[in-house]
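Worksheet: one structure, shown below.
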Amino acid sequence: MKRWIISLGRGGTVLISIGLALLLVSLIPPAQLGSSSGGGGIGPKMFQPFSEYVLTPQQGLEVTINASGTLTVYILEVSTQTIYDWISEHYSEQETPFFDYNNVTRLEEFLKANPDTIGRQKEIREGKVEYIPTKVTNATLVFSNPSSVSVQCMYEASITAIIAPGTKVRNLAQWTIPIGFVLALPWLVQLWREKTMHTGI
């Protein structure tokens with residue numbers, strides 16, 4: 001058997017083994033480290049920060065939401081205080097009276113000036129929002145109501161310990177296994193032929 005076929009075959013089987021191992025890792029469920037819940041009414045054209053967390057790349061945040069209308073849910077990589085400090089610095093009390101600090105326009109202006117603070121953004125009424133940071137960071141859960149009517153909402157948030165991001169690991173495995181099979185195929189065919197010839201003798 002040619003040496004290059006053997007080398008490719010061994011490399012292919014290694015890739016297949018790695019891909020299968022990655023698939024197994026992606027199936028390990030994350031361990032829950034903590035949880036919180038809350039909710040309330042959010043007025044028309046208003047936003048409301050709820051919980052704040054400090055997360056590492058080995059931790060994920062899962063938020064399950066149930067609302068009476070569609071909300072824009074943000075997970076921002078800053079503290080609530082940072083948002084309000086920015087509003088205070090850029091607008092006088094005459095421009096933004098205290099009761100208007102939570103106007104969605106102010107939040108949108110903050111996000112336009114600081115787009116890198118958006119860790120996750122999703123339009124949602126019922127469902128789940130998931131977030132995994134790439135570095136140690138603050139994570140603030142913010143609900144924004146862009147509609148002209150009040151929206152009632154409830155949420156449950158869980159912090160989980162993550163061995164590896166499931167989707168990314170599965171995607172990597174989906175590439176690794178087929179490539180490994182293609183590399184190993186000539187070697188496997190050659191083995192099968194040699195075995196057939198030996199059996200025929």
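Because the structure is a prediction, the values reported are computed rather than measured.
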For the atom pair [atom1] ([X]) and [atom2] ([Y]), what is the distance rounded to the nearest 0.5 Å?
{"X": "I124", "Y": "C153", "atom1": "CD1", "atom2": "SG", "result": "11.0 Å"}
{"X": "Y53", "Y": "N138", "atom1": "OH", "atom2": "CG", "result": "12.5 Å"}
{"X": "R125", "Y": "I65", "atom1": "CZ", "atom2": "CD1", "result": "13.0 Å"}
{"X": "T64", "Y": "E130", "atom1": "OG1", "atom2": "CD", "result": "8.5 Å"}
{"X": "T72", "Y": "E123", "atom1": "OG1", "atom2": "CD", "result": "3.0 Å"}
{"X": "L76", "Y": "E52", "atom1": "CG", "atom2": "CD", "result": "10.0 Å"}

Problem set entry | Lys/Arg N to Asp/Glu carboxylate O, R106 vs E109, below 4.0 Å |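 Counted as a salt bridge, because a side-chain N and a carboxylate O are separated by less than 4.0 Å.
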Exercise. Taking 4.0 angstrom as the limit, do K135 and E77 come out as a salt bridge?
Worked result: yes
When you measure from the side chain of [X] to the backbone N and O of [Y], does any donor-acceptor pair fall under 3.5 Å?
{"X": "S68", "Y": "V151", "answer": "no"}
{"X": "K45", "Y": "P146", "answer": "yes"}
{"X": "S88", "Y": "Y84", "answer": "yes"}
{"X": "N145", "Y": "V149", "answer": "yes"}
{"X": "K122", "Y": "K128", "answer": "yes"}
{"X": "E89", "Y": "W86", "answer": "no"}
{"X": "R120", "Y": "V129", "answer": "no"}
{"X": "N102", "Y": "F47", "answer": "yes"}

For this session: Using only heavy-atom distances, determine whether the side chains of S37 and E156 contain a donor-acceptor pair under 3.5 Å.
Result: no
Exercise. Does a side chain donor of either T160 or E62 reach within less than 3.5 Å of an acceptor in the other side chain?
Worked result: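 Their side chains do not contain a donor-acceptor pair, so the 3.5 Å distance test is not met.
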Problem set entry | Side chain proximity check, L61 to L55, heavy atoms < 4.5 angstrom | yes
For this session: Report yes if the distance between the aromatic ring centroids of F143 and Y155 is under 6.0 Å, otherwise no.
Result: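 Close enough - the centres of the two rings lie under 6.0 Å apart.
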Exercise. F110, I118: one ILVMFWY side-chain cluster at the under-4.5 Å cut-off?
Worked result: yes
Exercise. Does the side-chain contact (heavy atoms from CB on, under 4.5 Å) test come out yes or no for V63 and V73, once each step is laid out?
Worked result: CA-CA 10 Å; V63 185; V73 178; 5.6 Å; no
Restricting to non-hydrogen atoms, name the atom on [X] and the atom on [Y] that form the minimum distance, rounded to 0.1 Å.
{"X": "P133", "Y": "T137", "value": "CB-CG2, 3.6 Å"}
{"X": "N103", "Y": "M46", "value": "CA-SD, 3.9 Å"}
{"X": "V104", "Y": "S144", "value": "CG1-OG, 3.2 Å"}
{"X": "S79", "Y": "T140", "value": "CA-OG1, 3.5 Å"}

